[in-house]
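In listed order, ligands and their atoms are each counted from 1.
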Amino acid sequence: MRVAVLSDIHEGLNRKNTQTSIMKALADWICQHTPDVFIISGDMTAGPEKSRKLLDSLQAEFPAMKVLFVHGNHDVYADDANEAYDTLLRFPGNLGNGPIELGRDWVAIGDGGWYDYSFGVDGFTEEEFSRGTYGDFTWPDKLHAHWGQSDIERSKYYADKLEQQLELHQHKKIILVTHVVPFMHLVHVKNDPSWDFFNSMMGSSRYGALAKKYGVKKYIFGHIHTRYHEQHDGIEVLCRPLGYYPHEWTNPSADEEIREAIKLIKLD
Ligand SMILES: [Fe+2]
Ligand SMILES: [Fe+2]
């Protein structure tokens, strides 16, 4: 079984800024490589309806390929993030609906995840992280994602839910998927507080700890727009963001950048 991995497509922004159809570039790649499964680990675009529509059309265009998804922070930008979360669950391939078996041996388990400041630098209080403002910059989730609960509570919701599912499926080969980052060493520390402060909003060490506890084989995430593909403690770790055009791209066209961003892996 061949699985394509991509995240952080940010369709709206990238379509506007490149003046090209990102979804057409993606469809061309799929036609060429014909994966059996396509895992999109969050930040499809901004807002739940738009994200869901894009996912629905992608799945309709390629009915033989299973599209799996977890939401990113941008996908839940709405007046009520809980409603946004539910809207996105109506996409059948959303792993928030529950684990999806891939062949006889493998299972994909996942959900968006959130952050609990476990990657935050010393010198700030929980209250400062929860306000999310450093200098004159406020973390956009503070303005656009309204859960009606604290970041720490939201992060715990996913961790508890994922742990239940991991426990039930631990006899299988597991691919764990979140949007946010599971391991501290993957977060870029610059020793510049104006950057490092926002590392607190990158993910939670609890997701990484769960992956280790339940012997997960592969961990797929996104959120940080830095590409990774490495082995960590016996886990194949993949972060394959498309990221923002132009400053995060190294190629002039969406076709080329998508080709570089997507990783095709085999399940055996
Ligand atoms: Fe993103
Ligand atoms: Fe994100």
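The existence of a salt bridge linking Asp36 and Lys266 is excluded, since no basic side-chain nitrogen approaches an acidic carboxylate oxygen closer than 4.0 Å. A salt bridge links Lys212 with Asp233: the distance from a Lys NZ or Arg NE/NH1/NH2 to an Asp or Glu carboxylate oxygen falls below 4.0 Å.
Checking side-chain atoms of Arg206 against main-chain N and O of Ser118 turns up no donor-acceptor pair under 3.5 Å.
At a threshold of 4.5 Å between side-chain heavy atoms, the hydrophobic network of Ile, Leu, Val, Met, Phe, Trp and Tyr places Met65 and Trp106 in two separate groups.
Around the Fe ion (ligand 1), the protein N, O or S atoms found under 2.8 Å comprise Asp8 OD1, His10 NE2, Asp43 OD2, His225 NE2.
Judged by the 6.0 Å distance and 45° axis criteria, Arg154 is not positioned over the aromatic ring of Trp114.
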Steps toward ring pair (Phe, Tyr, Trp, His ring centres under 6.0 Å) verdict (His179, Tyr158): CA-CA 11 Å; His179 177 60; Tyr158 295 102; over 10 Å; no

